[in-house]
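Shown next, in structure tokens, is the structure this report addresses.
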Amino acid sequence: MSLTPEQKDIVQTTGKPLLVLAGPGTGKTEVLAQRILFLIENNLATKEEIVGITFTTKAANQMKDRLKQLGLPEDEHPLICTLHSLATKILRENGEMAGLPTEFMIADSYEASLILQDAIEDVNPHLSKHWKKLFEQIFLFKAQNKRPEDIDDKKMFKKIYQRYQELLRFHKALDFEDLILEACSLLEKHQEIREFYQNRCKNLLVDEFQDINPAEYHLIKLLAGEGNGLFVLGDDDQSIYTFRGGTPKIILGFTKDFKNAEEKVMTVCFRCPDKIILGALALIRNNKDRRDKELKPINRNADLIKFLDCKSDIQEARWIAEWIKENLEGEEYEPKDIAILYRGGDIADKIAEEVSKFIRIIRPSPEETKHQREFIAYLRLVTDRRDSLALRVCLSSKTAKKIGPIAIKKLRDYAESNNCELWDTLIIAQKENEFKRWRKYLKAFVDLIEQLNKKLSQLPLTEFLIHVAKTLGYEKEPRIKEIIERSKNLPEGNSLSAFLENLRGKRGEKAAERKESAEDRENAVLFITMHSVKGLERKVVFVIGMEKGEFPKSNSNVEEERRLFYVAMTRAKDKLFLCYAKKREGQSAQGVNFYDPSPFIFEIPEEYIEPIRPTT
DNA sequence: GCAGAAAGGATTTTT
DNA sequence: TCCTTTCTGC
């Protein structure tokens, strides 16, 4: 693929901070990969002076694949990873200077929520029912790069946040946001370390820049120094993660923050046909705080956008399934050319059911259940008694009979004041008078773990997993069986720790999966939320749930929802269907609900839209 | 600590 | 409307 003059100019402009505003389908990934190649081939930088930052590990892998296709062998690749992964690397390389526990664990959000509930228990138990709100508040403060000491708060919040941090460290753990904050602190405090990484990141390329939050931006600025090798790429119109603390203001303020920065735009859309681009542009121009950009479609004379106007979700499901069935019979489309996009909830269930009757579909894998997390935590504890996070999860499980929040708090207090491991406390405490009430149950729990440990050396891995599942009483649960099933696909050396690393990564770091994700590999119709379609394109796109009150959600930021819709519309390479159902049933519709069409529909000029009203 | 009853809330997601 | 969390009484 040869570059347009516009793209070539962007690839080759070096020596100053560069902001690239790139609309949907303009070839962002390509430009990023080509720039890395350009730097290396022209000896402008070695691979040790280049770091590429992506939003997800999947995107990082796609970037590596593209570099390989462009002829750059893997051992000549620069570091390409997420910002969290880079922060983890920096902290692991400088653990002591950062004042962190050696071999710290990364707490996932379930583990973090348990720790927060403990913190609330310690500070003010009356607030325990509001833990979810507090969890979100702490998250948002961290996303703003604010630590407990930065908070001026007369009420309990500051104390809870403080205690939460203390308890995370007691468990030798960092949550995801801590990775960013601790990396910032480390670089701020130590000039030599900062200079080392600024040199390492001499050429720092950041993708999806519209979705970063202030804490992440702070880290990027620390790494970029003067910023003369900083290259950021994004589209303020596609900023859809404000609930994560992201804000389009960062990308729009970039040229003010870096005084000698240059801003360039990519205006040729290779992906979408003209009607879709023109319709999407007309829609997004209703947003106030944005930079207007030209977007020129290559593909003209294409179909109009279809507005599917249905009486009910049942009719909608039937019509879409029927359309897919008919169009798969011809030569034009394969299952993998089709995607069904929705905002969330169970809205796609009916269509998924209809479509899966005759064709393979791919749906997002559901979140880990509580039992799955407990199952994994028991396995972790068996391999490593010092894994206090895993121990904390196990203590909350039903299998730890008669050990509740009170016992856990006492154990925690004891461990803290005697400065010992949580696991050791479990054993020592059995002798202490204040634990008299729980002596029997603590012993039972410790014995259980020791017994499992014995079984581990006696049984093959899969047998052992089944044994653990039985012990916990989870052996009949399909989601647990799923995990056990995965142990069979493991290459040789089937040790428990290898299996756990495959599941969770080292110390909670998710293993970067090298294999292609299912949606690229399998020839199946894709069901996906609008938020997770980043970087995705499909010939045929159905956007379902175009109902007033549901999309945009009635109490949400309309401009962000409009950006989300803009992202969804611009995934289509060929045909775009916007689907509305007057009547919807299900959980997200709160039983049965009647809707008007989404106001977004009317923001697309009529000349680009063609209504379809099914009669059957 | 548990079972059963009542209240609460229902988005989006990465690391 | 329904599923998850929280409260109550044992």
Side-chain angles (χ1 to χ4, degrees), chain A residues 53-60 81-89 91 106-109 111-113 117 125-133 136 139 142-143 174-183 207-208 211-213 215-216 219 239-246 341-349 364-365 367 369-370 395-408 437-438 440-441 504-505 507-512 528-535 545 549-557 560-561 563-565 567-568 584-593:
Chain A
I53 299 295
T54 56
F55 192 66
T56 62
T57 31
K58 192 182 142 202
C81 61
T82 63
L83 192 61
H84 287 83
S85 160
L86 178 65
T88 307
K89 186 178 152 70
L91 293 173
I106 298 171
D108 67 22
S109 38
E111 290 156 357
S113 78
Q117 290 175 68
H126 298 295
L127 294 170
S128 63
K129 60 184 165 198
H130 302 297
W131 70 267
K132 271 193 169 158
K133 268 184 199 117
E136 204 172 305
F139 167 79
K142 286 186 171 184
L174 269 68
D175 67 16
F176 291 124
E177 291 67 47
D178 281 344
L179 296 170
I180 304 293
L181 294 196
E182 292 293 339
D207 197 9
E208 308 287 5
D211 286 315
I212 61 161
N213 63 40
E216 291 163 342
L219 180 57
S239 167
I240 51 175
Y241 281 93
T242 42
F243 62 86
R244 232 187 116 261
L341 273 52
Y342 49 98
R343 199 181 177 290
D346 59 355
I347 237 172
D349 286 3
S365 41
E367 212 190 330
T369 63
K370 195 164 175 264
L395 288 175
S396 280
S397 72
K398 292 220 155 143
T399 311
K401 283 197 184 67
K402 302 277 180 188
I403 302 172
I406 301 164
I408 293 172
R437 245 180 90 187
W438 293 284
K440 219 165 81 189
Y441 310 115
R504 317 286 289 184
R507 289 169 301 223
E509 288 163 36
K510 246 197 185 132
I528 193 167
T529 65
M530 294 187 220
H531 278 90
S532 37
V533 292
K534 241 180 232 231
E550 287 302 310
F551 190 38
K553 272 246 175 251
S554 31
N555 55 351
S556 64
N557 174 342
E560 170 134 333
E561 300 272 301
R563 289 193 291 265
L564 185 59
F565 187 37
V567 170
R584 240 179 235 291
E585 285 177 40
Q587 204 186 335
S588 47
Q590 299 173 356
V592 182
N593 223 329

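Below, all heavy atoms of this structure are taken into account, side chains as well, without hydrogens, waters or symmetry copies. Per chain, numbering begins at 1; letters A, B, ... match sequence-line order. These figures come from a predicted structure and were not determined experimentally.
Between A/Ile347 atom CD1 and B/dT11 atom P there is a gap of 11 Å when expressed in whole angstrom units. Per the geometry, CE belonging to A/Met530 stands 11 Å off P belonging to B/dT12, to the nearest Å. Distance, A/Asp207 CG to B/dT14 P: 16 Å, rounded to whole Å. In this structure, the NZ atom of A/Lys142 is 22 Å from the P atom of B/dT13, given to the nearest Å. Protein atom NZ of A/Lys132 is 10 Å distant from nucleotide atom P of B/dT11, rounded to whole Å. As rounded to whole Å, 8 Å separates atom P of B/dC2 from atom NZ of A/Lys401.
B/dT14 and C/dC3: their C1' atoms are spaced 25 Å apart (whole Å). Taking atom C1' in both B/dT13 and C/dC2, one finds a spacing of 24 Å when rounded to whole Å.
With sequence neighbours excluded, no residue satisfies side chain to side chain donor-acceptor pair (under 3.5 Å) with A/Asn213.
Checked against the 6.0 Å centroid threshold, A/Phe55 and A/Tyr241 count as a close aromatic pair. If you look at A/Phe243 and A/His531, their ring centroids are closer than 6.0 Å.
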What verdict does the side chain to side chain donor-acceptor pair (under 3.5 Å) test give for A/Ser85 and A/Thr88, after you've listed the backbone C-alpha separation in whole Å, the side-chain angles of each residue and the deciding distance to 0.1 Å?
CA-CA 5 Å; A/Ser85 160; A/Thr88 307; 5.9 Å; no
Please test A/Asp207 against A/Thr54 for side chain to side chain donor-acceptor pair (under 3.5 Å), starting from the C-alpha separation and ending with a verdict.
CA-CA 5 Å; A/Asp207 197 9; A/Thr54 56; over 6 Å; no
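Side chains of A/Arg584 and A/Asn593 form no contact here, defined as non-hydrogen atoms less than 4.5 Å apart. By the 4.5 Å heavy-atom criterion applied to side chains, A/Arg437 and A/Lys402 are not counted as neighbours.
Checked against B/dT12, B/dT14, B/dG1, the side chain of A/Phe55 finds its nearest nucleotide in B/dT14.
Using a 4.0 Å heavy-atom distance criterion, A/Ser588 is classed as making no nucleic acid contact. The residue A/Pro552 sits apart from the nucleic acid: no heavy atom pair falls under 4.0 Å. Among the heavy atoms of the strands, none lies under 4.0 Å from A/Leu179. Looking at heavy-atom distances under 4.0 Å, A/Phe243 makes contact with a base.
With a cutoff of under 4.0 Å to any heavy atom of chain A, the contacted region of DNA chain C is bounded 5' to 3' by C/dT1 to C/dC7.
A/Ser532 has a side-chain polar atom (N or O) that falls below the 4.0 Å cut-off from OP1 or OP2 of B/dT13.
A donor and an acceptor atom sit less than 3.5 Å apart, one in the side chain of A/Arg343 and one in the base of B/dT11.
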